[in-house]
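The structure appears below as structure tokens.
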2 protein chains.
Amino acid sequence: MKHTKKTLLALVIVLFIISWSSWGQKDYKLWLQYDKITNSQIRSEYTTAITGIVGLGNSETSKIAVKELELGLNSMLEKKLEVKSKLEGQNTLVVGAQSALNPELQKELASHITQINEEGFVIKLVIVDNAKHIVITGKNDVGVLYGVYSFLRRIQTNKSIKNLEITESPKINLRILNHWDNLDRTVERGYAGFSLWNWQKLPDFIDQRYIDYARANASIGINGTVLTNVNANALILTPQYLEKVEALANVFRPYGIKVYLTARFSAPVEIGGLKTADPKDIAVANWWKDKAKEIYKRIPDFGGFLVKANSEGQPGPQNYGRNHVDGANMLADAVAPFGGVIMWRAFVYSEHDANDRAKQAYAEFQPYDGKFRENVIVQVKNGAIDFQPREPFHPLFGAMQKTPIMMEFQITQEYLGFSTHLVYLPQLFKEVLDSDTYQKGKGSTVAKVVDGSLYNAKLTGIAGVSNIGNDLNWTGHPFAQANCYGFGRLAWNPYLDSETIADEWLKCTFSNDENFIKPVKEMMIKSRETVVNYMTPLGLHHIMDTGHHYGPGPWVANLSRPEWNPVYYHKADKNGIGFDRSKTGTNATSQYAPEIEKLFDNVATCPEKDLLWFHHVSWDYKLKNGQTLWNGLSLKYQEGLDQVKEMQSTWNKTEKYLDGERFKEVQMLLEIQYKEAKWWRDACLLYFQQYSGKELPAGVEKPTQTLEYFQSLKFPFAPGN
Amino acid sequence: MKHTKKTLLALVIVLFIISWSSWGQKDYKLWLQYDKITNSQIRSEYTTAITGIVGLGNSETSKIAVKELELGLNSMLEKKLEVKSKLEGQNTLVVGAQSALNPELQKELASHITQINEEGFVIKLVIVDNAKHIVITGKNDVGVLYGVYSFLRRIQTNKSIKNLEITESPKINLRILNHWDNLDRTVERGYAGFSLWNWQKLPDFIDQRYIDYARANASIGINGTVLTNVNANALILTPQYLEKVEALANVFRPYGIKVYLTARFSAPVEIGGLKTADPKDIAVANWWKDKAKEIYKRIPDFGGFLVKANSEGQPGPQNYGRNHVDGANMLADAVAPFGGVIMWRAFVYSEHDANDRAKQAYAEFQPYDGKFRENVIVQVKNGAIDFQPREPFHPLFGAMQKTPIMMEFQITQEYLGFSTHLVYLPQLFKEVLDSDTYQKGKGSTVAKVVDGSLYNAKLTGIAGVSNIGNDLNWTGHPFAQANCYGFGRLAWNPYLDSETIADEWLKCTFSNDENFIKPVKEMMIKSRETVVNYMTPLGLHHIMDTGHHYGPGPWVANLSRPEWNPVYYHKADKNGIGFDRSKTGTNATSQYAPEIEKLFDNVATCPEKDLLWFHHVSWDYKLKNGQTLWNGLSLKYQEGLDQVKEMQSTWNKTEKYLDGERFKEVQMLLEIQYKEAKWWRDACLLYFQQYSGKELPAGVEKPTQTLEYFQSLKFPFAPGN
């Protein structure tokens, strides 16, 4: 963590180069840069095919769609396109929902439109009266808007627009951001500044960022946002705040984004004046019904509630001797008349339960299968612990046939280097989505659970814990924007390839130059394994420092609840390291389908990437590459560090392809990432070495600080805590 | 505080108009917009006179000066000017410190340069070898930089650059921003988001905003910044943080800005491991000496410490039976070898002192006159209470002949509507600076105390409590940028006219069109009296709601310390209202020079704007306009509200002169200001009416809510608290 004077001086000098940009704010524009297309041949294809825009429809959403096309195309094509409200001429881009099209176009497109759902779109080249037009349409205006962003993305990525014939629908109903934003604007696990929601100035001051936020989210298909932290404050449900929520809902509505809130289970007591929040108490149920009525009167399309109950100190039905079903169904009944949903989190573990924390959510929720109301969806984190650099998929996926299950990913990097480390998360998301649960035989992937196809779930959803804050660049790290983007794209279609997503994002954000794209894309793809290597290789998990989770803290053993301590998770001792979750241990493996259970249970077949998640293994255990566990573990830490070095070297060659400001930002952040990767390697190896009693193998650099030094580091103001 | 659905709908519709700007970020550029000059005749004068730039000097500061000229002129003149490093041709703009000029130029400018101080500049048309050049020079590079900004301002404001012959020096040594920023990035009394200082990513990540901050401050002559809150945390003095402070100092240095820190008096105990922080203890003194050495090793031009001691719970020398002189001098000795200064705040009042709070700072500090070290300067708030909409000047100004006194203004609007109300503060600042203390006879203005001319003070200073946060537009309200700007300009020259400053700022920020400038400037000038009218007319003060100071709370009477309660300040009863500080009361008037004492002491001569500050007056007292006090007070509240309405009407006519985004932002904020002004009027009049027992006079609208309603309002998450 030490830097030299020389480095700083060099830094200051380089800064002069970047300080002259016109207050460089490219960062702020995310993936909607709409830079001029530099390839003149491609640009000419576009300008020939698009000579004007025909905007049909009068809703606010229609106007947004047309304006976005104007903004994007005028900028990328460097040409002012005329916008008309009637079809005439040829080579126009026609934009409008099915009902707004003229009969001839309706006929041309009817069969395509039947193939899409309510949010889907069609983009098709049609010929009417011998004139070619590209039509973007859908059943509803919001589908058209999605089609517009899809079309713009084609242009941004320099794809051909010849003979277009695209029908596309989102595969998941609820595509939602979870903001862990508090009413004082701090953000739990937020590393990009503070909350966008300026409650003090709402409802009357509408910050331009609210609009830009909605635009960016609509562009990737997000259709819902939970404004408040799951560790909830009941005040958000008072008229004073609902008035403000309503103002945000009004801004987001034309962008197809519904507003949701977190419901604090004890709200009837805290703001309702009741003596209890018992879900079986009629006064309580009525209080929630009235509250729902009050909210829907203000916000007719209010999405519903997200609830964290009886989890990490949050109140819930168990406080009154009731269970999760009682609690969720009571709330579900309150919002059902208005079409609302309850997203009930399965992230539970009890300090009174000595059982393996990894087993508790499954143990508690699986038996409830089929008992929830139709408008309840159970929100399950991707893994059984808590957003680690790597976790095996959560055993609840596929294990509840009659209950809608939604995915909760974390876009903010609580355990992955905050907004300082470049880690491309769609790689992590895809690993989980592609995992085969075998719950309905081979091919029962998590994606099929999430999109509802495995058990024909009507209600489907995917949530991402937002990494957005009020930093100028929204996400703290320029590359953390890719995680926002990737989450949205996967929420739209969980079968998309993470490499394709990286390609799109890079082109929309920086450049279409393949000399830039190829190495940087490769760097992004590798970055996820890199962070696993330097933080938690071979299935290690939750060994971050306590509370803030910043940096390594494998030694932490003094927290009041055993399962809050890193030592609980790695269980290092003289004999070896790892958490035995096999039959000889906590038998957590039994929560998976038999095929997977067998695979994980046997140390020989258990994927090495999950080895120490499921097994306590001796220091001399032979890894597949022939190394002992100690040597292999040590070399993994070193490999992670070397990979960051490689990322730096890749990035340093990109300067000519982008603006100096973003180039320099990423360069500075990679330097921090390198230092912190080194910190991870040294602190973890020094600590584990106490137990292994072995020398570091050849190829692993000797730490330059002592274990005591690392243990002495304190970060009282680490963000997001 | 209620708004209608209709208003919101209208709002949403208008928003569509503004949402298409290119991610509108004009706000971010402050007064450095460098818009193209629209008057072609004027532009042509400039392009004729400036055909190129000659940049002399190689320091970082010199490079910044030249780059800023390029950025500004190329943009305003729409012409790419060539930059050379040697004088040739004609009609060039020559930029460089005296020592970098060629002998001929040196000779031409020698007599002018002798007229300026170390930070001053000369801008002069010179003719050498029959060729005309405009030279911007100074004794040092930073003076040249100030000259460059001054020159650019001339262009921004479309002033003539013919026959220039300007010599200018700042009149005050220390021109400093006080950031009340905490290490967790909350900002005490901050209403523009959160702290710019991202301690987590420092020292290695240099946010572009640090550079933009430095640029903006240099452009108005700010030369120091106290990074941390006066309610200090000792951790800032640990190596972990000093490394980060060093990084910021490195960024700010070439812009002529020194970094200062707040020193927590108990730091030797908290981070030094000592048992005491007694300033007379040698170990304590040595600890501070070592700490100073450590800091100066990192930051050779470190400015020094700002100290809030024995004030509102902060530790100080009195905890050890010592006094302010003991504390200040001990710290002064620690930084003296390195040229550092101690800014010791006089903002003290004790809960153990039953005396009028307004008298305590004078009573405690005046007797210390002449006892402080040479490098101590006593920092005094503009008034004796606490940054109210209006206060008479602080009696300490002019009362300490042998002690440097620096002014502390508050740019952030703690008691003036946060960042939601448009209040042009230079009007307030000037009222104070222009006040005549009579301490050395007529003409002994506060400005002369502050610039040191009254008593020939060597060390002079002026501090502004910053209103800067990480909001996109820096200050929360577009017009709050004018308060930043105005503070800087007055710190440079306290004799500047506030109207001139408004004129400059408006032109640099929005437009040179007189049809825009004239009414908007008038609106700004009036805005200060407006806020006094609807909050605290006729000398009322400190009747804001408790803690957060948001909105009216004249009824608050339950706080533990008497002088924290609004009732302490207004003393309304059946007989009348106001704080008797005359001879019949606390005799606070006696702290002023006899001429002023007499003026304030006599209710007949006391300026009516300060009436209730100094006198308890009956409800039937006849004001100069013939109204009774009750009627006059009521009408003042109404007048304030009417004035806001007038501001709205003025602003609504400006749409065509500026971008839609800033137009709309101000429009929304004025609407909030109007609602809150109404809230102030209604709440205060209903409350005081209980005592006056009189009807509201004709012309004052009847409140539509009850006093109980206003008293019931709670704002647990009001910012900055």
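Below, read A as the first sequence line, B as the second, and so on, with proteins coming before strands; counting in each chain starts at 1. The structure presented is a predicted model; accordingly, all values stated were derived computationally and were not measured.
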Between [X] and chain A, with a heavy-atom cut-off of 4.5 Å, which part of the residue counts as in contact: side chain, backbone, both or neither?
| X | answer |
| --- | --- |
| B:Gln240 | side chain |
| B:Pro716 | side chain |
| B:Ser75 | neither |

Any donor-acceptor N or O pair under 3.5 Å, side chains [X], [Y]:
| X | Y | value |
| --- | --- | --- |
| A:Glu676 | A:His421 | yes |
| A:Asp141 | A:Thr61 | no |
| A:Asn182 | A:Asn233 | no |

[X], part contacting chain B, at a heavy-atom distance under 4.5 Å:
| X | value |
| --- | --- |
| A:Ser195 | neither |
| A:Arg253 | neither |
| A:Tyr241 | side chain |
| A:Tyr191 | backbone |

Is the gap between the ring centers of B:Trp679 and B:Phe715 under 6.0 Å?
yes
As an exercise: rank A:Asp471, A:Leu235, A:Asn470 by heavy-atom pairs under 4.5 Å with chain B and give me the winner.
A:Asn470
Look only at the side chain of B:Gln33 and the backbone of B:Lys26, and say whether a donor-acceptor pair between them is shorter than 3.5 Å.
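The answer is yes, because a donor-acceptor pair under 3.5 Å joins these two groups.
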Polar side-chain atom of B:Thr412 near backbone of B:Glu414 as donor-acceptor pair, under 3.5 Å
no
